[in-house]
Structures are given as C-alpha cells and as structure tokens.
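Accompanying notes for the structure given below.
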Amino acid sequence: MLDPRLFRSDLEQVVQQLQRRGFQFDAVAYQALEDRRKGVQVKTQELQNERNTRSKAIGQAKAKGEDVQPLLDQVADLGDQLKAAEAELNDIQNQLSVLLEGIPNILDATVPAGKSDADNQEVSRWGEPRQFTFTPKDHVDLGEPLGMNFELGAKIASARFVVLAGKLATLQRAIIQLMLNTHINEHGYQETYVPFLANADSLRGTGQLPKFEADLFTVKNDPTFYLIPTAEVPVTNIVRDVIVEAKQMPLKFVCHSPCFRSEAGAYGSDVRGMIRQHQFEKVELVQIVTPETSAQAHEELTAHAETILQKLNLPYRKVLLCAGDTGFSSSKTYDLEVWLPGQQKYREISSCSNFKDFQARRLQARWRNPETGKPELVHTLNGSGLAAGRTLIAVMENYQNEDGSITVPEALRPYLGGIEKIQ
RNA sequence: GGAGAGAUGGCCGAGAGGCCGAAGGCGCUCCCCUGCUAAGGGAGUAUGUGCCAAAAGCGCAUCGAGGGUUCGAAUCCCUCUCUCUCCGCCA
C-alpha cells in the first residue's frame, strides 16, 4: 500500500509514477472520494467530541447531585446523528482502502521503461553455456527413466504435479541443503520454519490479497486458509504489527518451504515438465532493513542468490525488470535466469525484490529510529535463493551425459554420500 | 472433541458504569545528590489517526477482535479468536 498522505500532498506525481507501469489511476474519482472523507471525518469527530464533552458534564452534574434531565434532553438526538456519520465514514474509508489496496507500488527511479519481459534490461552474465557434443535432452526426457513421474502426480492430484523417486528426490533435497547451509553459514541468515497455510491478514500484508486471490489455493475452513504461494508470506509476516529495535536490524531470514500456486491464467504455458507446477520447493531469503539501507541490501540479497548458481557452476544472467514487468508490490526487481540447454533459453530461477515500505505499511512493520525515537516503517526485501524445483531441472539439463546419466555437481556431492553420477 | 479459567501499556499488575489512556511496581531515558560497585530524590516513558505544507497545538480512536445496551463502557450483554488447566483422541 502506498502512503495515503502521498496522494493528498502530491497526487499528480503519484499518477505519473503509476503510469510508468501502465497503471491508470483515476485521480478525479479518488479526489472526490477523498474530499468526502475529509468532510465526513471532521464532522464525525466533532460529533464524537461533543458527545464526550456532554457525557462528562452529565457525570459531573450527577456527582454533585444536580438534576441531569435537562442535560440528557440536550443530547437526545446526538446519538442518531453520530451513528449516521460513523456509518458514512466507515463506508467511505472502506471504499478508499479497497482503492488503495489495488494500487501497485511506485517504481524505483532506476527501473527502466518498458511494457513486457522483452524490455527487461540484462545487467550481467555469468558462465558460458556448455557446448554439447550431442543433442541435449530436456529434463522430462532425462527424468522419466530416473524417477520423475508426471502421470503419478496427475493421478494423485492433478496436472502440474510431479512425483520424484529415488536419486532425483535426493538430488532435490541436496540442492535445498546446499542453499540453506550457504545462506546460514556464509550469508548470515537465520533459518526459520513456518506455517505453510496462512490466513487472509497475512496474505493481505504481503500484497497477494485482495487483488490476486485467484492465484492462490484456498482451504475450506472458517476462517479461510490459503496455501502459501511462497515462504515470503509467512516469513515477512513475522514482523507484522511489530516494532523492531534498532539494534536487531537488519533481520535476515532464510526459509525452505513448498510453494503452492493455482497458476490461473497460465493455461497452455510451460505445460511440459517441472517448470510451472502447482507445488514446488523453494528456499526463500527475506530481509527486514532500515530504509536507507534497502538499496544496498537488495544488491547483496541478489548476490546471495547468485552464489548458489555459481557454486553449482550453472550459467545465468541477471536481469533488471522493466516498469511493465515488475510485480505489483515491488519497487525494483532483479530476476536471475539460468541457462536451460533443453530449451536453449535462459529461464527465471530467482526473483529478488525490494518492496521498500509498500509491504511494511500494510503489515505495520516498523523499527524504532534512534534518531527520532519514533517507530518508522521498515523496508522489506525478498528473493528466491533459489527455486529448488527449477534448480533441479537446471542441474539435470546442464550436467547431462550422452547416455542419459547426470553428473552430480561437486558442490552437491557431500549431500549425496559422495556419488558422482545419477543413472 | 468435552469441562473450566483467563486476555489491561516494554513487562508484572490494579481497575467492577462517569473523577480512567488507565493506580502501583519493574524496566528504560534524562537530571540531581552521593561517592566506590550499590543506594537515594525528581522528571519523562503506548500506538494509530484527523485538522495542518510541516512543527506546535487541539481533537478522534484503541484495555484480544467484532457487534450491542447506555447521555457515557476497560467495566454490563452477545459472538468470535487466542492462551492456560483438566479429560479424551492423536503424528
């Protein structure tokens, strides 16, 4: 959520900034609603003040043993007026918050213009795509003989689910272990274990609700639960309604979790294989930082994710998302795209975002600034470090041999009992 | 799942319709005194939000959440959530 005060003080600027995303903000309708809000709120508060004052007078008169009937007569119709004003104000504020919750974050000044992923800006490349002496297979063809079974996934649940058996399942677990250990031991993150179902308040806090409910799986329950689409949701909500002491900052959490996405609107895309599943494993990095350090933290967090790709010796590129491709809650996002020989393409394997105070305002996540002594909104960041399912694919495709076996990357061997090859 | 108890500021805890945004204690911050490892005295110490460019100021809201009764609710009523104790079930 954006700062409502920003809308009041600099509406024109906000409209322009949102336009960079292609988001048309109806400033006229907003202004009309805001004008009503101001009028009704002031009136309501005046009525409340009057009620409080008069009630106090009644109490004092009664204590002195005076006749309070005349005073009671004076406030006879105050209650109804107040009730009506409060109801109207409540209605207006609901409308306003619906409006505000549907508005995306303001983009960072460094985000390039553009409409789609075609306009994203490549920042750097690391590693050289391997030259194969044979035609490389994709992970589906490689995986099926090794225990990757999509029919079973469909039987047990539906399309877009998979069953991994044997060494492939172990390989994915090894990948997760490497990621966790690296981020904990080398990058200073604290490991967390969290609920994989979250309530509506939590989803609202990180920005998935109310706008993106269709992307979530819901659990029939009262109240409704949602399967987490990413560990970002439960982990970032650790600081919801919290005032963090300055000496505890920055908070750095790493969390392995399954992620569940309905992939509504993704029909027909990436239907083959494990690229786009309803359930996948991910290791997520979350940082809660002070505002002036968030840009720096964003670079660092992205580098932490890159470390994993480097340890696995997987070629990748780092891309700065353009205005039109940057997610709703983010002000700036780097994607890491890994080289997939089976597709002859770089594909997203990590997305690292600086949300600045956008999530923090929804979450009321704050820190106490020692300079002012006041609670101020924190900045939140997160990034995949990395998506484990896609990392599995990348390892399989990049490390495949002509006979269909897969060489285990050096960095993973300690987690696989030292074996060098999966076949 | 059943029965009972509870939820008040950073923490403990009083509060039982008006004098309560809330006693007292602890903690913390600042000042004073004292001087030797500890003590004494004083002041301050919630959050959100409206009017305002901002500050100041003046309001409004908040005692788990939501609703109700009342001129007036931390206090009375209803619903829900969470915590604790006991029983049952269970990885």
Any side-chain donor paired with an acceptor under 3.5 Å for A/Q343 and A/R347? yes
Examine the side chains of A/N369 and A/E376 and answer whether a donor and an acceptor come within less than 3.5 Å of each other. yes
Separation of [N] [atom2] from [X] [atom1] (nearest whole Å):
{"X": "A/L71", "N": "B/rU70", "atom1": "CG", "atom2": "C1'", "value": "16 Å"}
{"X": "A/D241", "N": "B/rU47", "atom1": "CG", "atom2": "C1'", "value": "11 Å"}
{"X": "A/K374", "N": "B/rA46", "atom1": "NZ", "atom2": "P", "value": "8 Å"}
{"X": "A/L72", "N": "B/rG17", "atom1": "CG", "atom2": "P", "value": "19 Å"}
{"X": "A/Q93", "N": "B/rU49", "atom1": "CD", "atom2": "P", "value": "12 Å"}
{"X": "A/N199", "N": "B/rC80", "atom1": "CG", "atom2": "C1'", "value": "14 Å"}
{"X": "A/E86", "N": "B/rG67", "atom1": "CD", "atom2": "P", "value": "10 Å"}
{"X": "A/E245", "N": "B/rU29", "atom1": "CD", "atom2": "P", "value": "12 Å"}

Using the [atom1] atom in both, what is the distance from [N] to [M], to the nearest Å?
{"N": "B/rG27", "M": "B/rC12", "atom1": "P", "result": "15 Å"}
{"N": "B/rC71", "M": "B/rA16", "atom1": "P", "result": "22 Å"}
{"N": "B/rU29", "M": "B/rU83", "atom1": "P", "result": "34 Å"}
{"N": "B/rA7", "M": "B/rG13", "atom1": "C1'", "result": "13 Å"}
{"N": "B/rG21", "M": "B/rA5", "atom1": "C1'", "result": "28 Å"}
{"N": "B/rC26", "M": "B/rC33", "atom1": "C1'", "result": "23 Å"}
{"N": "B/rG24", "M": "B/rA43", "atom1": "P", "result": "11 Å"}
{"N": "B/rA73", "M": "B/rA91", "atom1": "C1'", "result": "46 Å"}

Paired with [N] by Watson-Crick or G-U wobble geometry, both distances under 3.5 Å: which nucleotide is it?
{"N": "B/rG18", "answer": "B/rC71"}
{"N": "B/rA65", "answer": "B/rU79"}
{"N": "B/rC89", "answer": "none"}
{"N": "B/rG59", "answer": "B/rU49"}
{"N": "B/rC36", "answer": "none"}
{"N": "B/rC30", "answer": "B/rG42"}

Heavy-atom nearest nucleotide on RNA chain B for A/G59 versus A/N90: which residue maps closer to 5'? A/G59
Tell me whether the side-chain N or O atoms of A/K62 pair up with the base of B/rG18 as donor and acceptor below 3.5 Å, since no angle test is needed here. yes
Just call it for [X]: base, sugar-phosphate, or nothing, with non-hydrogen atoms closer than 4.0 Å on any strand.
{"X": "A/P223", "answer": "nothing"}
{"X": "A/R361", "answer": "nothing"}
{"X": "A/K38", "answer": "sugar-phosphate"}

Got a sec: does the [atom1] of [X] have more than 12 other heavy atoms crowding it under 6.0 Å?
{"X": "A/K167", "atom1": "NZ", "answer": "no"}
{"X": "A/K211", "atom1": "NZ", "answer": "yes"}
{"X": "A/R240", "atom1": "CZ", "answer": "yes"}

Taking the side chain of [X] as its heavy atoms from C-beta onward, which of [options] lies nearest to it?
{"X": "A/R37", "options": "B/rG48, B/rC19, B/rC51", "result": "B/rC51"}
{"X": "A/I58", "options": "B/rG18, B/rC51, B/rG48", "result": "B/rG18"}
{"X": "A/Q364", "options": "B/rC19, B/rC71, B/rG48", "result": "B/rG48"}

Quick one: sort the [X] and [Y] rings into parallel, tilted or perpendicular, breaks at 30° and 60°.
{"X": "A/Y334", "Y": "A/H298", "value": "parallel"}
{"X": "A/F25", "Y": "A/Y30", "value": "tilted"}
{"X": "A/H183", "Y": "A/Y189", "value": "perpendicular"}

Is there a donor-acceptor contact under 3.5 Å from the side chain of A/T236 to the main chain of A/V233? no
Heavy-atom contacts, protein to nucleotides 53-62 of chain B, under 4.0 Å, summarised as B (base), S (sugar-phosphate only) or - (none) per nt, yield ------BSS-
Counting only side-chain nitrogens and oxygens, does A/R8 get under 4.0 Å of the OP1 or OP2 atom of B/rU49? no
Would you say A/R368 places a side-chain N or O within less than 4.0 Å of OP1 or OP2 belonging to B/rC28? no
Between CD on residue A/E232 and SG on residue A/C255, distance to nearest 0.5 Å: 11.5 Å
